[in-house]
Number of protein chains: 2
Amino acid sequence: MLDRLFGVLADPTRRRLIETLVQDGPRTATELAADFTISRQAIVKHLQVMADAGMVAAEREGRDVRYRATTECLADAVGWLLTTGPKWDRRLDRLSAATRRRSD
Amino acid sequence: MLDRLFGVLADPTRRRLIETLVQDGPRTATELAADFTISRQAIVKHLQVMADAGMVAAEREGRDVRYRATTECLADAVGWLLTTGPKWDRRLDRLSAATRRRSD
DNA sequence: TGGTTGTGCAACCAACCGGTTGCACAACAT
DNA sequence: ATGTTGTGCAACCGGTTGGTTGCACAACCA
């Protein structure tokens with residue numbers, strides 16, 4: 001799970017895809033491809049990897065497939081950073097403490 | 001930078017290496033190799049990638065090379081998560097707010 | 001000095017990855 | 001019914017990656 005999550009985050013194209021979906025809302029692969037230099041199929045491949053990691057969801061609308069950024073999927077990533085990080089970096093320690101204090 | 005950082009985090013062996021170094025303190029490659037099933041050279045390769053990402057530092061002591069987890073290297077990773085995440089997940093939004101409030 | 005132990009370097013391998021192209025098929029518009 | 005447009009699938013390609021083995025060399029120990 002963490003593997004796929006961080007794996008997605010490790011690729012700049014994938015980060016850009018996420019940012020786009022988060023800022024501009026759900027888009028289809030062909031729409032997204034217009035903003036990128038790579039082909040639609042390459043985009044689709046990325047989106048499938050991302051869907052596999054639980055970071056986007058594919059929703060069919062007639063002929064189109066609209067991809068939406070999935071919320072709450074970063075919990076594991078942040079979780080790992082905040083459990084391993086503190087012993088490591090005092091700044092993260094404070095951040096981790098802040099999380100515990102403000103969690104609901 | 002983010003690429004290499006998340007790239008390191010995406011590999012379970014590398015995460016285990018980090019956890020080991022963080023918890024048990026600096027270790028040499030041969031020492032580490034004893035706790036893993038893979039060869040020393042494989043460990044060294046991982047450590048080099050991690051050093052390249054600024055997550056560990058290699059320090060020579062006579063014949064040995066001791067690897068130490070580098071502090072403050074997660075700043076960029078956490079930074080990205082906390083800038084992109086908030087628009088995405090309300091829980092991260094609160095966390096981000098907490099960071100800004102408590103930063104020094 | 002000679003043996004032991006740790007590191008460094010290089011070659012090699014199979015598998016994976018990011019990307020491409022080509023084409024079939026499904027759905028919409030006219 | 002026909003043309004257009006979006007999706008899905010598969011093959012293919014070069015580069016990277018995680019791992020191996022073998023060996024040379026440097027440093028410590030006796």
Side-chain angles (χ1 to χ4, degrees), chain A residues 1-21 24-70 77 80, chain B residues 1-21 24-70 77 80:
Chain A
M1 182 84 284
L2 278 179
D3 301 33
R4 282 181 290 174
L5 206 60
F6 283 128
V8 165
L9 260 24
D11 186 299
T13 304
R14 251 123 53 172
R15 284 198 305 275
R16 234 190 97 195
L17 280 171
I18 290 181
E19 289 163 1
T20 305
L21 289 181
D24 305 350
R27 289 282 178 278
T28 76
T30 29
E31 283 168 353
L32 286 166
D35 296 340
F36 290 73
T37 55
I38 60 178
S39 68
R40 171 189 64 96
Q41 287 86 338
I43 302 268
V44 171
K45 277 198 189 181
H46 281 301
L47 289 170
Q48 281 167 349
V49 173
M50 293 159 74
D52 218 51
M55 306 177 83
V56 299
E59 284 155 4
R60 176 136 236 150
E61 279 179 42
R63 176 174 46 174
D64 302 7
V65 176
R66 186 146 278 105
Y67 292 89
R68 180 176 47 83
T70 291
W80 188 89
Chain B
M1 181 85 283
L2 278 181
D3 300 34
R4 282 183 290 175
L5 206 60
F6 283 128
V8 165
L9 260 23
D11 186 297
T13 304
R14 255 133 37 181
R15 283 200 306 275
R16 235 191 95 195
L17 280 171
I18 290 180
E19 288 163 2
T20 305
L21 290 180
D24 305 351
R27 289 282 178 279
T28 76
T30 29
E31 283 167 351
L32 287 167
D35 296 340
F36 289 73
T37 56
I38 60 178
S39 68
R40 170 188 64 95
Q41 287 86 340
I43 302 269
V44 172
K45 277 197 189 182
H46 280 302
L47 289 169
Q48 281 167 350
V49 172
M50 292 159 74
D52 218 52
M55 305 177 82
V56 301
E59 283 155 5
R60 176 137 236 148
E61 278 178 44
R63 176 174 47 172
D64 303 6
V65 176
R66 186 146 278 104
Y67 292 88
R68 181 176 47 83
T70 292
W80 188 88

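Below, read A as the first sequence line, B as the second, and so on, with proteins coming before strands; counting in each chain starts at 1. Computed from a prediction, not measured in an experiment: that's the story for all the values here.
For DNA chain C, none of the residues of residues 42-51 of chain B falls under the heavy-atom distance limit of 4.0 Å. Scanning residues 31-41 of chain B for heavy-atom distances under 4.0 Å to DNA chain D yields I38(B), S39(B), Q41(B).
Atom OG1 of residue T30(A) and atom CG of residue D64(A) lie 6.5 Å apart, to the nearest 0.5 angstrom. Atom OG1 of T70(B) is separated from atom CD1 of I18(B) by 10.0 Å, given to the nearest 0.5 angstrom. One distance of note links OH of Y67(A) with CG of L47(A); it measures 5.5 Å at 0.5 Å rounding.
The aromatic rings of W80(A) and F6(A) sit perpendicular to each other, their planes meeting at more than 60°, with 30° as the lower class boundary.
You can see that DNA chain D meets the heavy atoms of chain B within a 4.0 Å-exclusive cut from dG18(D) to dC28(D), reading 5' to 3'.
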Any protein N or O atoms within reach of nucleotides 26-30 of chain C? Criterion: under 3.5 Å, listing atom names and distances.
from    : atom 1 : to     : atom 2 : distance (Å)
dA27(C) : N3     : R63(A) : NH1    : 3.3
dC28(C) : OP1    : R63(A) : N      : 3.3

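Among the heavy atoms of the strands, none lies under 4.0 Å from R66(A).
Between the side chain of R66(A) and the backbone N or O of R68(A), no donor-acceptor pair lies under 3.5 Å. At distances below 3.5 Å, not a single donor-acceptor pair connects side-chain atoms of R27(B) with backbone N or O atoms of A29(B).
Nearest approach of A10(B) to G7(A), heavy atoms of both residues: CB-N, 3.5 Å. T13(A) and D11(A) make their closest contact through N-OD1, 2.7 Å (heavy atoms, listed as atom of the first residue, atom of the second, distance). Of all heavy-atom pairs between A53(B) and V8(B), the closest is CB-CG2, 3.9 Å.
Contact annotation: the side chain of L5(B) approaches that of M55(B) to within less than 4.5 Å [non-hydrogen atoms, C-beta and beyond].
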Quiz: residues 34-46 of chain B side-chain donor-acceptor pairs under 3.5 angstrom, not counting sequence neighbours:
from   : atom 1 : to     : atom 2 : distance (Å)
S39(B) : OG     : A42(B) : N      : 3.2
H46(B) : ND1    : R14(B) : NH1    : 3.4

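Legend: residues meeting salt bridge (charged side-chain N to carboxylate O under 4.0 Å, His left out) with R15(A), ordered by chain and number and at least two apart, are D3(B).
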